[in-house]
Structure formats: structure tokens, C-alpha cells
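Count residues from 1 along the sequence. Every number for a ligand or one of its atoms is a count from 1 in the order of the listing. Atom set for the values below is all heavy atoms of this structure, side chains included, hydrogens, waters and symmetry mates excluded.
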Amino acid sequence: MTFSHILGYPRIGADRELKRATEAYWKGDADRASLEATGRELRKRHWQDQREAGLDLVTVGDFAFYDQVLNVSLLLGAVPARFAAKAELERGEVDLDTAFRMARGRAPSGEPAAACEMTKYFDTNYHYLVPELHQGQDFRLASTRLFDEVVEAQQQGHAVKVALVGPLTWLWLGKERGESSFDRLALLDGVLAVYAEVFARLAKLGVEWVQLDEPALAQDLPGDWKVAFERAYHHLQGSGVKLLVANYFGGLGDNLTLAVNLPVAGLHLDAVRAPQEVETVVDRLLPHKVLSLGVIDGRNIWRADLAALRDQWTNAASRLGERLWIAPSCSLLHVPVDLERETELDAEFRSWLAFARQKLDETVTLARLLAGRVRPEDEALLAACVQAIASRRESPRIHRPEVGARLAALGEADSQRPSPYLQRAEQQRRALGLPLFPTTTIGSFPQTAEIRAARRDHKAGRLSADDYHTRMREEIAQAVRLQEELGLDMLVHGEAERNDMVEYFGEQLDGYAFTRFGWVQSYGSRCVKPPILFGDVSRPAPMTVEWSRYAQSLTGAPMMGMLTGPVTMLQWAFVRDDQPRATTCRQIALALRDEVCDLEAAGIRAIQIDEPALREGLPLRKAEWQEYLDWAVEAFRLSASCVADATQIHTHMCYSEFNDIIASIAELDADVITIETSRSDMELLDAFRDFDYPNEIGPGVYDIHSPNLPEVDWMVALMEKAAERISLERLWVNPDCGLKTRQWEEVTPALANMVQAAKELRRRHA
Ligand SMILES: CN1c2c(nc(N)[nH]c2=O)NC[C@@H]1CNc1ccc(C(=O)N[C@@H](CCC(=O)N[C@@H](CCC(=O)N[C@@H](CCC(=O)O)C(=O)O)C(=O)O)C(=O)O)cc1
Ligand SMILES: N[C@@H](CCS)C(=O)O
Ligand SMILES: [Zn+2]
């Protein structure tokens, strides 16, 4: 028999039930009991799905009301002091509201406090809460939720495997806090003691297998971390459960020997991203260990080629026999829940896809194919699969010769602005007439319930296109009026008409398809619906020009055009796997270039091309960075370089640590870059100073994720710190990121203070 399992399942629910339940609880519209009931209901359904599909084990521990990394922090009692949870820690149960305050700064009960930092989980668009680590920190078992969930699953009759973020990856993802620097590996023993206690309790509950997610193994590990891996897993040996160490999102690389030799009962490999490592691991795996092969893609939505996978892994199956487990490459958290609901996609296109629910079936069928225990339903799935794969391969919907021809005709000059920055800057100063410390925002204004309701009514046919456009124009006019009243210098139209900065463009470009219910959790209750990039990309018609032209017609101040850049359009979509990502990215860049040209022709004097995903697109291994950066930078430049010197190109990035990639950021050659810096106290600007970054910079002066009002003095002080690093004439004043998740009641006074801060800075530095 070949075992089948998954590393984790989406918890948000096919109807985003978890989003609705948590948001209702936060608003005070639902009580704790009803939130917990929704959690139980979702877990029950998801375990049932796994069981019905025929998986041998159901996975427990992947559920979270906010984030699975935060769950481990709670389990370990790693709750920062500002959340005042001493009594809860002593009692051994951190309250759910404390967890919500850690995640978002506030909850229905307890005092608000600064939320923990949130950042991207490896190279995904999923955000985790960064564990805060202190010198001499104590750890103690401080949550029983995991054990309760295990009992819950067992009572429903399931064979359970527990999944947790592993101790090394938890530390790897954490950040040292406090005055003096220290080595966070010094905390490992304390962390391990709690993991051992957790395992002992799980063993008592009859749990045989615990999966420990250690994707840190897919990155370049310093020597002391490799030693720590060995030490940790030796320490955890004999803790009463069998440990399966799971690596995903990439290969083990030079951590292969380390991983293969860990004293654990099994290893999971990402055989989608690193199939080439499997044979070596099989050769070297000790005979008592199992190998879980992640062969179904957990990061994409294409239907698996089951016949090809069967042929590819037959040898491993015959060598390993019962020691082979079959699984998706990583948790299914990163794909939408159920394709069955997408009834509006045409049958042929739908046949090319598999979402989480369908990937369960693929996993089970493949395991049975490899074990030679084929059932009629496997034969049926295999036959449907063969047909779908052939239909996708041969489809005329994918290839459009004119797109390839346009790419082939490109020369170096096409990704080059006519003049260097200094010359452009002079022309832009004349054309735009901006003051010192110009103020701007990042693009979006609050996506109110009314805006979303109007869009929903329009999509449902209850609001005509004309009426919808009128409603959106009213929103834009109001946003323009407000910005003028506030005295902002470079205006934006506010992005009211956009459901999402990627999906909106995906809906208008050829080569993309979009779903109705394909939600994927981005952070907490927030979800995104990544479009599906299936074919050659082109722009059939202008996408933003009329909105921008209208917004500009309302004001004499410069109005910034607003586009999502090619790398972000690629990174936040499900991307075709039949050609290099670089080629797809260049196709998107050309489509965007058409839009940039049209915006300029419509009289728009500044155009922002957002690239918040540029950094997260970096390969996990440094050796592969440069190749990626080369094509990513070229794609951005290709999209931006058709404009005249006097047209100002902006870009924006958030969630970025710039030190490592500053040279590539400079190569983008954007006239202005606005970045997230406020939470780092402007320290991120050191990279720009040290590199002698030549162009203009808007370091974010306030954190848009927080509902707290930014004070004028605070922003002035931050900008003074910025001015120590960057020359005054190159500094802009703006928030950290877009304001779509905030309320107008928060945005208006915050921007008023920001403009006030800019005035004070001008007074001081006149
Ligand atoms: C900048 N960020 C983004 C990332 N990825 C993206 N693809 N887009 C981003 O903007 N990654 C990094 C960050 C993550 N940040 C965010 C911020 C905010 C959200 C968010 O607010 N998501 C919304 C959904 C947004 C959306 O698509 N809205 C649509 C549909 C609205 C809807 O839910 N409609 C309901 C009906 C209305 C109702 O009753 O509420 C429905 O269809 O059922 C729209 O505006 O039309 C969220 O609610 O989670 C995400 C990531
Ligand atoms: N223009 C976008 C960028 C978000 S990263 C916004 O303002 O929401
Ligand atoms: Zn941003």
C-alpha cells in the first residue's frame, strides 16, 4: 500500500465562512461561541473531505483563526509583554482575544497594543505573524487548542496526523527584539522543551505521526543553523511520536545530507520544484524511514498529469514499497478550495484545473496507481486527466503568434528611458511644479461596503454598467475633492473601481481567466482571488485610461496613473507552467507598456507602476537570484520606458527588505519609489544611502495596517531621520501603502496630519 496524506488544507472555507465569522466577531456582531462553532464546523467538513477522498490520515493542526505560525507562538507561550497575558500564560491557555490583539492590535476584549509584524511566508503571498524573540526568553506550553482539535478529529472517527511549523523554521522566521543583540539559536533549547512536551501529550492521545514543517531547509542555511537542525532533532528523538520533517517550496540543495540523516521517521520532499533530488534521497534513505513525495502541485491550480506522474515515480514506488507516501508538494492553503463551484468557467477550461478538493482526489488516485491497487474511480479520473492534458496542450486558446512576434522584435532601446534620471528630473520639476517634500498617497482609498455592494450589484445585473460607472465616478470625484482640501500635491484617483490590484487587470487582459469563488487566504480574514494566467498575454483595450482622464479633469494638480507592474501581475496570479516565467512576465510588460503609452497620451503626467511582489518573487536560494532579478528588472523597464522624460514614473514596494536587492531596485530606474519603512524607523533607508541610490524616494511615514492616528511630530521626526540619509530634494512624504483596508474616518485625519508634517518640514528646511 502507498500511503496518501496532505500537508494542510485551506481553512477559510469554500464560502469564506471563516472570514465572515471572524469579522463578525471582531465587529461585535457575533459572540465567541458562534466563532468557535464556525471553526469546528469547518474543521469537521475539511477532515470529512480528506476522509471521503480516501486519504489514509487526516491532518490536524492546520486550522488557525488567524495564522499557523502565530498558533505555534501561542503554543510556546511566546506572547510579547505588551499584550499583558501573564495570567493567561501561567494558566496555560492564551485567550483567543490575546491572539487577535497580537495579530491586529485590537480585539473585542483587552487593551489595544501595537500588533506584531506581519510578513510574507517564504515566496508566497500568504502573510505570517513574525515571532518576537528576546534574550533569555522563557517558553512554556500555553495553549491546549491543538490537543482539543486532535480529540475532536478522533471523536469523528479519523486517523490523525498532526502538522506543525517545526522548531527551527519557527525560530528562522522570528526576529530578535530588545536593546542588545543576541543569537536566537540560544533560545532553541527552551523551544525544544515545549515541543517535546507537546509530542508527549500527543502520544498520550494516541497520535502516531507528527509532521514538522521545516521549509527553512529550502534556503541557504548558515553553518550554525545546520548544526542546530542536527542537535534539535537528536534532542527530539524518542519523544513518543514519529516525526515527519517536511521541506517544501524548493529543493534541499546543500541541506540534503543534513535532512536525510536527521534521526526522524520520515522526510517530505517537494518533488514538484525539486524532482531531481528524489533519486539521491531514495538512495540514501535509511531503511526504517518513509519518504513522502510531494508530487501534486500545492502552489498552482493546473490539473496534474497523472499518467506522467505515475511513470515518473514508478521506480521510486518499487524501490520504497510501503515506505513511499504520496502528497501535494506543500499545504493546500495556497490554492482555492473547490473547483466544483466554478460553474461559469467553460467546461474545457475547467477540465484543465484542480483546486484543493480536486487535489485530494489526485493525491489518492496517484497513490493507488503507484501501488497497483487501482479502483474504477481511479480509472475514470485517469481517463479524464489524459483527455484534459491533451486538450490543454493542443488548445488554440493559449498561443497567439503576434504576441511572440512582438517580443522577438524588441531591442535594448525598448527598455531604456530617453535620458538619464538627472535630466529627466529637471524636466519633471518644470512640468509638475511640486514643492520640497511633496506629499502623495500610494493609490487606493477606502474600499467601503457601499463600493463593494455597488460592484456586487453590477456583477449580479442589478446595477447597469452606466449606473455603476456613475457611482465609481462619484467616488473618484469625492476622493479628488478631499485630496485638494487636504492640500496633497500629487493626487491619485483612489482605485474605487478595482476589486483587487491584480484581479482587476487580469479581468481585462487576454490570456488571463478569473474565477468567482477562487479565494485564497492572504492574511487573517483577508483573501485574494488570484487570476489564472493561462495563455499569451495582450491588452485588447485600455484598462485605466478613462478613470484617470476623468480624475485629471477634476483638478489642476497632477493626477497619477496607477498600474500594477508585470512582476506583481505574475507573482500574484496562478501562472501557466508551459513556458518560462520570464517569457510570461515580458508579455505582461508589453501589455502594460501599451497602457502606459495611452495614459501619457491622455495627459497623465505621472504614472505609478506598483511592484510590491518584486522581492517575494526572489528564488529561495541566493544562487538563483541574479537570473530572476535580471528578467524582473527588464520587464519593469519595458513597461515603463515608452514615456517622455517629463513624464514621471513612480513605483511602490511594501514588505521589502531592500539591502540584498538595492542594485536591482536602482536599475528599475523609476523616477520615484515609495516604500514601506515606518515600522523600521527609517532603518530600511540605510540601504538606499549606502548604495548611493540616485533617484527620488518616498519613505512611508505611517503604518497603514494600524487604525491608530499618526501624530505630526512623529512623522516629522521620521522624515528628519530620512533626511539624514537621503538629500532633501529627493524626498517625498507618503503613507506606507494603499489605504483600501482603512475607513475614511481614519484616513482623513491621518492625511491631514501628514500634510501638516510636510509643511513643518518645508518650514524647517526652506
Ligand atoms: C497589497 N496586498 C495585496 C496582495 N495580493 C493581492 N492580490 N492584492 C493585494 O492588494 N498581497 C499583499 C497585500 C495583501 N493585502 C490585502 C489587503 C486587502 C485585501 C482585501 O481586502 N481582500 C478582500 C477582497 C477584495 C476583493 O476582491 N473584493 C471584491 C469582492 C468583494 C466581496 O467579497 N464581495 C462579496 C460580496 C460583498 C459582501 O457581501 O461583502 C462576494 O463576492 O461574495 C470587490 O471589491 O469587488 C477581502 O474581503 O478579503 C486582501 C489583501
Ligand atoms: N496601489 C496599491 C498598492 C498596494 S501594494 C494600493 O494603493 O493599494
Ligand atoms: Zn503596498
### Query
Counting only heavy atoms, which portion of Thr741 has something under 4.0 Å from ligand 1: side chain, backbone, both, or neither?
side chain
### Query
Is any NZ, NE, NH1 or NH2 atom of the basic residue among Lys175 and Glu117 found under 4.0 Å from an Asp or Glu carboxylate oxygen of the other?
yes
### Query
Which residue and non-hydrogen atom of the protein lie closest to atom 8 (N) of ligand 1, and at what distance in Å?
Asp500 OD1, 2.5 Å
### Query
Would you call Arg526 and Asp500 a salt bridge, taking side-chain N to carboxylate O under 4.0 Å as the test?
no
### Centroid separation Tyr66 to His127 less than 6.0 Å
no
### Task
Check for a donor-acceptor pair, side chain of His458 on one end and backbone N or O of Ala454 on the other, with a separation under 3.5 Å.
no
#### Entry: His652: numbered ligand 2 atoms lying under 4.0 Å from its heavy atoms
3 (C), 5 (S)
### Task
Look only at interatomic distance and state if Val502 has a nitrogen or oxygen under 3.5 Å from any nitrogen or oxygen of ligand 1.
no
### Query
Would you say His127 contacts ligand 1, with heavy atoms under 4.0 Å as the rule?
yes
### Query
Can you list the atoms of ligand 2 that are under 4.0 Å from a heavy atom of Cys737?
4 (C), 5 (S)
### Candidate with minimal heavy-atom separation from atom 29 (C) of ligand 1, of Asn499, Ile704, Asp610
Asn499
### Message
With heavy-atom distances below 4.0 Å as the criterion, list the atoms of ligand 2 near Lys740.
### Response
8 (O)
### Task
From the options Glu23, Met118, Arg16, Glu616, select the one whose nearest heavy atom is closest to atom 42 (O) of ligand 1.
Arg16
### Query
Should you measure from each heavy atom of Gly738, which atoms of ligand 2 turn up under 4.0 Å away?
6 (C), 7 (O), 8 (O)
### Task
Kindly confirm or rule out an N or O of Asp610 lying under 3.5 angstrom from an N or O of ligand 2.
yes
### Task
Could you check atom 13 (C) of ligand 1 against the protein and tell me its nearest heavy-atom contact, residue, atom and distance included?
Tyr655 OH, 3.3 Å
### Message
I want to know if ligand 2 touches Ser444 in the polar sense, i.e. an N/O pair below 3.5 angstrom.
### Response
yes
### Query
For atom 22 (N) of ligand 1, which protein heavy atom lies nearest, and how many Å away is it?
Cys527 O, 3.0 Å
### Query
Do Thr124 and Glu616 pass the side-chain hydrogen bond (donor to acceptor under 3.5 Å, both in side chains) test, and can you show the C-alpha distance, the side-chain angles, and the key distance before you say yes or no?
CA-CA 7 Å; Thr124 72; Glu616 94 195 28; over 6 Å; no
### Query
Do ligand 1 and Arg455 have nitrogen or oxygen atoms that lie under 3.5 Å from each other?
yes
### Query
atom 20 (C) of ligand 1: which protein heavy atom is closest, and how many Å away?
Arg526 CD, 3.5 Å
#### Entry: Closest protein heavy atom (residue, atom, distance) for atom 4 (C) of ligand 2
Met501 SD, 3.5 Å
## Note on the structure
Under 4.0 Å between heavy atoms, the region of Val528 that gets near ligand 1 turns out to be side chain
### Summary
Per-atom filter on ligand 1: closer than 4.0 angstrom to a heavy atom of Lys19 are 47 (C), 48 (O), 49 (O)
### Message
Determine whether a donor-acceptor pair (N or O, by modelled atom type, separation under 3.5 Å) exists between the side chain of Thr748 and the backbone of Glu745.
### Response
no
## Note on the structure
ligand 2 to Ile442, heavy atom cutoff 4.0 Å, flagged ligand atoms 1 (N), 7 (O)
### Task
Test side-chain hydrogen bond (donor to acceptor under 3.5 Å, both in side chains) on Arg473 and Tyr550 and set out the steps.
CA-CA 8 Å; Arg473 274 198 291 270; Tyr550 171 67; 5.3 Å; no
### Query
Under a 4.0 Å N-O cut-off, is there an ion pair linking Arg615 with Glu657?
no
### Task
Among Glu696, Met560, Arg605, find the residue that satisfies the side-chain contact (heavy atoms from CB on, under 4.5 Å) test when tested with Gln648.
Glu696
### Query
When you look for heavy atoms under 4.0 Å from ligand 1, do you find them on the side chain of Lys529, its backbone, both, or neither?
neither
### Query
Are any of the side-chain nitrogens in Arg725 or Asp686 under 4.0 Å away from the carboxylate oxygens of its partner?
yes
### Query
Is the gap between the ring centers of Trp732 and Phe437 under 6.0 Å?
no
#### Entry: Arg104 side-chain N/O to Arg106 backbone N/O, donor-acceptor pair under 3.5 Å
yes
### Query
Is Asp457 salt-bridged to Arg462, cutoff N-O under 4.0 Å?
yes
### Query
Quick one: does Lys740 get a heavy atom under 4.0 Å from ligand 1?
yes
### Task
Examine Trp519 against ligand 1 and note whether any of their N/O atoms are separated by less than 3.5 Å.
no
### Task
Report yes if the distance between the aromatic ring centroids of Phe658 and Phe688 is under 6.0 Å, otherwise no.
yes
### Summary
Nearest non-hydrogen protein atom to atom 16 (C) of ligand 1, with distance, is Tyr523 CE2, 3.6 Å
### Message
Out of all atoms in ligand 2, which are within 4.0 Å of some heavy atom of Gly443? Include the element for each.
### Response
7 (O)
### Query
So, does Ser522 sit close enough to ligand 1 that a heavy atom of it is under 4.0 Å from the ligand?
yes
### Query
Are Thr651 and Glu611 close enough, and set up right, to give a side-chain hydrogen bond (donor to acceptor under 3.5 Å, both in side chains), and what steps lead you there?
CA-CA 6 Å; Thr651 189; Glu611 282 294 21; over 6 Å; no
### Query
To which protein heavy atom is atom 40 (O) of ligand 1 closest, and what is the distance rounded to 0.1 Å?
Arg456 NH1, 4.4 Å
### Query
When you measure from atom 31 (C) of ligand 1 to every protein heavy atom, which one gives the shortest distance, and what is it?
Arg452 CD, 3.8 Å
### Message
Any heavy atom of Glu495 closer to ligand 2 than 4.0 angstrom?
### Response
yes
### Query
Quick one: does Arg498 get within less than 4.0 Å of ligand 1, heavy atoms only?
no
## Note on the structure
In terms of its nearest heavy atom to atom 6 (C) of ligand 1, the top option of Tyr504, Tyr126, Phe517, Trp572 is Trp572
### Task
Would you mind telling me which of Phe249, Trp572, Tyr248 makes a ring pair (Phe, Tyr, Trp, His ring centres under 6.0 Å) with His334?
Phe249
### Query
Under 4.0 Å between a Lys/Arg side-chain N and an Asp/Glu carboxylate O for Glu475 and Arg455?
no
### Task
Evaluate side-chain hydrogen bond (donor to acceptor under 3.5 Å, both in side chains) for Glu17 paired with Thr38, printing each intermediate quantity in order.
CA-CA 7 Å; Glu17 293 89 332; Thr38 303; over 6 Å; no
### Query
Do any N or O atoms from the side chain of Gln483 and from the backbone of Leu491 form a donor-acceptor pair under 3.5 angstrom?
no
#### Entry: Between Phe534 and Phe349, ring centroids under 6.0 Å
yes
### Task
Under 4.0 Å from a heavy atom of Pro612: give me the atoms of ligand 2 that qualify, with their elements.
5 (S)
### atom 11 (N) of ligand 1: the protein heavy-atom neighbour that sits closest, reported with distance to 0.1 Å
Asn125 OD1, 2.8 Å
### Task
Below 4.0 angstrom from a heavy atom of Met562, which ligand 2 atoms are there? Numbered from 1 as shown, please.
1 (N)
### Query
Quick one: does Gln521's side chain have a donor or acceptor within less than 3.5 Å of a partner on Gly524's backbone?
yes
### Task
Verify the ring-centre separation between Trp744 and Phe445: is it less than 6.0 angstrom?
yes
### In the protein, N/O/S atoms that are found under 2.8 Å from the Zn ion (ligand 3), waters not counted
His652 NE2, Cys654 SG, Cys737 SG
